[in-house]
J.: 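Structure below; questions to follow.
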Amino acid sequence: MLEDGRSFRGRSYGATGTAQGEAVFATGMTGYQETITDPSYARQLVVQTAPHIGNTGVNTDDAESRRIWVAGYIVRDAARKPSNWRSERTLDEDLAAQGVVGISGVDTRAITRHLRERGAMKAGIFSGEAALRSDAELLAEVRAQESMAGSRLAEEVSIEASYVVEPSAHGWDGEPLFTVAALDLGIKSMTPVRFAERGVRVHVLPASATLEDVRALNPDGVFMSNGPGDPATADNQVKLLRDVLDTGTPFFGICFGNQILGRALGFGTYKLPYGHRGINQPVLDRRTGKVEITSQNHGFAVDAPLDGPVTAPEARFGTVEVSHISLNDNVVEGLACLDIPAFSVQYHPEAAAGPHDSAYLFDRFVDLMASSKNKESR
């Protein structure tokens with residue numbers, strides 16, 4: 001049941017009951033397990049545009065976090081039996097075990113077209129006894145739920161206690177090259193692994209971490225991850241980042257981290273009509289002229305001028321430029337500071353699941369930390 005009154009009827013999938021959230025669509029043809037375990041999907045009902053879901057089952061290794069985060073799951077043709085040598089259980093079993101209510105057998109193309117034309121909106125999935133109520137009752141329940149705009153969710157999905165990801169556990173020989181303090185706003189497990197593969201020790205900190213927590217690690221760089229919710233609610237993280245930038249510590253942010261850098265520099269953010277979600281989103285790197293196919297999951301964007309370098313509204317941070325743009329709608333997909341060591345992108349370069357076009361961004365951050373360290377040693 002969608003907020004505007006349109007409804008679709010199918011079969012119960014996963015757990016039975018009620019799921020509420022914002023209905024969004026994801027265009028990835030593979031990687032459904034990585035999608036549902038991405039914390040950025042918290043409080044969202046995800047419509048998979050690919051028709052066949054569950055074909056390869058699920059396994060322990062491919063989960064991107066400690067649990068499934070989607071509030072509900074909407075698919076067309078759910079696999080009756082998975083077929084893959086890595087499969088450990090069915091997707092249906094995982095959804096049911098974690099209490100995620102889903103629906104199958106619906107026209108996901110029609111739902112996607114509806115959301116594309118009218119925008120992401122409140123929705124609900126109802127099965128079992130909950131589905132026996134009248135459409136008017138269900139619609140009233142859908143409309144009564146909280147909106148995604150104004151929602152503060154990063155603290156809800158973040159870890160409670162910090163942990164460390166060591167390079168030696170991921171194929172790196174020798175001592176770590178750098179130490180990074182990574183703020184978990186909904187981080188995916190593959191992100192610190194990508195750093196570790198490059199010789200970077202990563203201290204993953206809760207979303208509530210303070211400047212004192214960061215300083216205690218004496219990091220060579222600070223990272224802010226992807227995550228759910230409205231960036232306009234992230235005042236604590238924006239303040240932390242401004243303090244970090246004032247110290248001259250190199251910074252790299254992705255997705256939510258990109259929006260926080262935008263806000264720290266003084267730009268605003270806004271809600272997109274239906275967002276960018278999938279592993280096939282084209283982005284132009286304006287510095288190199290190359291086009292990257294990227295993995296994305298965001299419903300908000302930074303409101304920054306596209307016409308060349310500008311002085312940041314927070315003038316003490318100097319000049320900034322939009323480094324990457326979406327080729328679908330010209331949305332800001334990256335920011336680069338020209339006077340301080342900081343940059344960010346709106347997409348997910350860790351490629352889980354997704355293409356590997358953007359892996360160079362991790363190398364770019366390593367180079368930025370090396371350059372900053374060399375300046376300090378002179």
J.: Check Arg198 with Asp363, please: is the shortest side-chain N to carboxylate O separation under 4.0 Å?
T.: yes
J.: Return the orientation label for the Phe365 and Phe343 ring planes: parallel under 30°, perpendicular over 60°, tilted otherwise.
T.: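 Correct class here is perpendicular.
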J.: State whether the number of non-hydrogen atoms from other residues, nucleotides or ligands found under 6.0 Å of Asn328 atom CG is greater than 12.
T.: yes
J.: With the threshold set at 4.0 Å, does a side-chain nitrogen-carboxylate oxygen contact exist between Lys122 and Glu22?
T.: no
J.: Could you tell me whether Glu321 and Arg286 make a salt bridge, using a distance below 4.0 angstrom between a side-chain N and a carboxylate O?
T.: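 Looking at Arg286 together with Glu321, the answer is no, because their closest N to O distance does not fall below 4.0 Å.
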J.: Between the side chains of Gln281 and Ser326, is a donor N or O closer than 3.5 angstrom to an acceptor N or O?
T.: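 Short answer, no.
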J.: Is there a side-chain contact between Tyr13 and Leu91 in this structure, where contact means two heavy atoms from C-beta onward sitting under 4.5 Å apart?
T.: yes
J.: Could you tell me whether the side chain of Gln346 reaches within less than 4.5 Å of the side chain of Cys255, counting heavy atoms only?
T.: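 Of all side-chain heavy-atom pairs linking Gln346 with Cys255, at least one is under 4.5 Å.
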J.: Is there a path of hydrophobic side-chain contacts, each under 4.5 Å between heavy atoms of I/L/V/M/F/W/Y residues, joining Val202 to Leu368?
T.: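 Result: yes, single cluster for both.
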J.: May I ask you to check whether over 12 heavy atoms, not counting those of Arg143, lie within 6.0 Å of atom CZ?
T.: yes
J.: Is Arg242 atom CZ crowded by more than 12 heavy atoms from other residues, nucleotides or ligands, each under 6.0 Å away?
T.: yes
J.: Between Lys290 and Glu292 (salt bridge meaning N to carboxylate O under 4.0 Å), is one present in this structure?
T.: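 Salt bridge flag = no for Glu292 with Lys290.
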J.: Would you mind reporting whether Thr108 and Pro51 have side-chain heavy atoms less than 4.5 Å apart?
T.: no
J.: Taking atom CZ of Arg133 as the centre, report whether more than 12 heavy atoms of other residues, nucleotides or ligands fall under 6.0 Å from it.
T.: yes
J.: Side-chain contact, heavy-atom cut-off 4.5 Å: Asn258 with Leu335?
T.: yes
J.: Under a 4.0 Å N-O cut-off, is there an ion pair linking Asp135 with Arg9?
T.: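 Salt bridge between Asp135 and Arg9, a charged N being under 4.0 Å from a carboxylate O: yes.
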